[in-house]
Structures are given as C-alpha cells and as structure tokens.
Amino acid sequence: MKLNIAVLPGDGIGPEIMEQALRVTKLICQKFGHELITKTALVGAVAIDEVGNPYPDTTHDLCMNSDAVLFGAIGHPRFDNDPSAKVRPEQGLLAMRKKLGLYANIRPVIVFDSLLDKSPLKLDRIQGVDFVAIRELTGGIYFGQPQGRSENGDTAFDSCVYTRMEVERILELAFQFAMKRNKRLTVVDKANVLATSRLWRQIAKEMEPKFPEVTVDYMFVDNAAMQIIQWPKKFDVMVTENMFGDILTDEASVISGSMGLLPSASIGIHTSVFEPIHGSYPQAAGLNIANPCATILSAAMMFEYAFSLMEEGALIRKAVEASIVAGAVTEDLADDKSKALSTSAVGDWIIEYLSK
Ligand code: IPM
Ligand code: MN
C-alpha cells in the first residue's frame, strides 16, 4: 500500500517525539512492504515565527492532499504568559481541526500491567482499565461565537454552541464504537445546568432505540470526573462535548501512569490526524528526555484507522509494551531516574525489537 503522510512536528518536544514515531513508521512500512511518502509542514509557534500564521495555507493544502496527518505538539510559554498576544499557537491546532472537519477525537485509555505501580491510584481500581473517551472536537465553547471582550475590556465572554447535526454525528459514532466493544455507552454532560447539554441528552435519548443492544447511562461531568478516578473500570465508551472531553482525558491519563502514553485519533470529514494527547512540554524541549510512546502509539492508531492495517498497528503496540516491560523507559516512568533512557534511546530499543 502507498502511504502519503503529512508530518507536523510543531513546538517544544514535538520534533523529538515525532522523529521516533517516524523511525517506527518507516520500519513498519519496510517490514510489511508499504511505500511511505512523508512531507513535513509548519504548525504552531514555529509557524507563527516563520510565516506569521499558526496553520498556514500550505500546511492545510498538504494535510488535505495526504492520506493521514501525524502531529506532534503545539504551544509555547511565550504565548501562555502573554494574554494580549493576537496570534496564538493553539489557534493553529483549532483551525486545523475545524478546516479538516475533525469532529471526533478518540482517546483510548488502557493500563499496561507492568506500569500499574506508576499510577497514583490503587492497583485493584486500575488493573484491567480499558475504555475509550470520545471527545467532540469542532464545536462547543472552543468555537462558539460570540467570543471576546466588551469595549472597555472589563467583561469577557465565550459561547457554548451546539447544533443538532453536530451532536447527532458524534453520538452516532459513539454508539457505533459501543456496538463494536462492550455495548455500554456513558454520555457525559451538565444537563442540570447547560442548554447545550440538554440538547445532547435529548438527542442521545432519541437515538437509543436505534441501538437497542447498547446500554446507555447519563452522567453529569462533575460526577464523571470523580468516577473516572474512583471506578475507572466501569467505563467502556464515554462520549462528551469538546471542553469536558479535554479535561476528563487529561485526568484519565493519570490512570495509565503517564501523560506520555496516551495516543489519539481525530477523525471526521477530511484527512484524519493522529497525535499524542499531551502538550509541547516546553521545559523538556531539546533535552531528549520526553516520552515518545504516545506519539509512537498514535502512529499505531494511524495504521489502523487511516489504512485499516491492523497487523501493523498491533505490532507497534506490542513493541511499545515490550519496551515498557523491559524497563526501557524515559524518566517519567523510570523507577530509578538515573537509569532512565533518553527519547531517542527508547526509539532505538523499539526499533531493535521490531528489527528482530
Ligand atoms: C488537546 C490540547 C488542545 C485542546 C490545546 C493545545 C488547544 O489540550 O489536544 O487536548 O485543548 O484541545
Ligand atoms: Mn488537552
């Protein structure tokens, strides 16, 4: 098969973790006889610096003309600490999601047995955790208009907006995921307070008869935040709106022991994007210490979701798991920090494993 991939390393640790994910992707393609074509483009703070736009048209064109996008990370402290900045790196990521129509962000949450002790949560609570969080990605308060400031600057407003079409398509996808898994779906909202949540709940209830085999439960987001930590095993497929999903999946990463382990797939109308859920970790940029596994696992999701190459994806996952079992891990996961491997050394280990 021919794989045309757009590579968007982005900011901070993005280029370092991407390098490892690309090495793995190349090797897998060689091993399975696929032709890999990669083209790299600018996104984020680096794109602002070079061309004044965090998601340049040339980058968008490349994404549109590729079969899949591998994305590193976005964000720079220079902008975080400057609320008056007119252009922000995050706008690049949001523009990319919107322009590619990536309305569904799929974030699997699993635990590796060999890392159970890395989670701050008790072992019996997390052993066997395996759920998928589906986050709506192109609507809600991230994009709602109006957004801004009053004339005197003393009032600020964001709007949370959802249309029936936006809610239906993400719920449809979530029901289908539930059908493929254990047929349990949790719809997370704040229907006791928010009008948008009541629309979500109404539509979900309307759709229930279409999927009679799926058991649906409805949970307020504050309760969900607690249940994820207390009883994570009770979840199978969880679906929620954009900002709730952003927050709950960071929380969920604690279950697996490190944010550096969780991959994601963003799918929708045009080319799908595969990216780790973590950010650009600027403190670690250039130090070769960041965990590349979330990005490597995102590449695994790319093989599966964008190309239906299941064996390829499974082999990458197996290699990552083997590296963790062998203790070939970066400092976020190392028992003894002095024995932690560098980003590239973890990449070397995984490459060697795959070359056997
Ligand atoms: C994520 C990130 C982004 C988001 C930021 C960088 C805009 O936190 O992908 O979860 O909030 O969606
Ligand atoms: Mn986030």
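Index from 1, following the sequence. Ligands are counted one by one from 1 in listed order, and the atoms in each one are counted from 1 as well.
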* Structure fact -> Within 4.0 Å of some non-hydrogen atom of E90, the atoms of ligand 1 are 6 (C), 7 (C)
* Asked: Is the Mn ion (ligand 2) less than 2.8 Å from an N/O/S atom of D250, whether that atom is in the backbone or a side chain?
  -> no
* Structure fact -> atom 9 (O) of ligand 1: closest protein heavy atom, distance to 0.1 Å, is R97 NH2, 2.7 Å
* **Name, closest N/O/S atom of D246 to the Mn ion (ligand 2)** => OD1
* To do: Please report which non-hydrogen protein atom sits nearest to atom 8 (O) of ligand 1, along with the residue it belongs to and the distance in Å to one decimal place.
  => D246 OD1, 3.4 Å
* Donor + acceptor pair across side chains of S66, N4 (<3.5 Å) -> no
* Which ligand 1 atoms does R107 reach within 4.0 Å, using its non-hydrogen atoms? -> 1 (C), 9 (O), 10 (O)
* Just by distance, with hydrogens left out, do Q202 and E206 show a side-chain donor and acceptor under 3.5 Å apart? -> yes
* Pull out every atom of ligand 1 sitting under 4.0 Å from any heavy atom of R135, numbered as shown with elements. => 1 (C), 4 (C), 9 (O), 10 (O), 11 (O), 12 (O)
* Kindly indicate, with the supporting measurements, whether the criterion side chain to side chain contact (heavy atoms under 4.5 Å, CB included) is fulfilled by K99 and D57. => CA-CA 11 Å; K99 290 175 89 171; D57 289 345; 3.8 Å; yes
* Would you sort out whether D49 and R78 count as a salt bridge (charged side-chain N to carboxylate O under 4.0 Å, His left out), showing the intermediate values? => CA-CA 12 Å; D49 292 342; R78 192 169 84 232; 2.7 Å; yes
* Y142 heavy atoms, cut-off 4.0 Å: which ligand 1 atoms fall inside? -> 4 (C), 11 (O), 12 (O)
* Just say parallel, tilted or perpendicular for the rings of Y353 and W349, cut-offs at 30° and 60°. => parallel
* **Identity and distance of the protein heavy atom lying nearest atom 3 (C) of ligand 1** => L93 CD2, 3.9 Å
* **Separation of N105 CG from S266 OG (nearest 0.5 Å)** => 4.0 Å
* Do the side chains of L102 and L8 join up, straight or via other hydrophobic residues, at under 4.5 Å, putting them in one cluster? -> yes
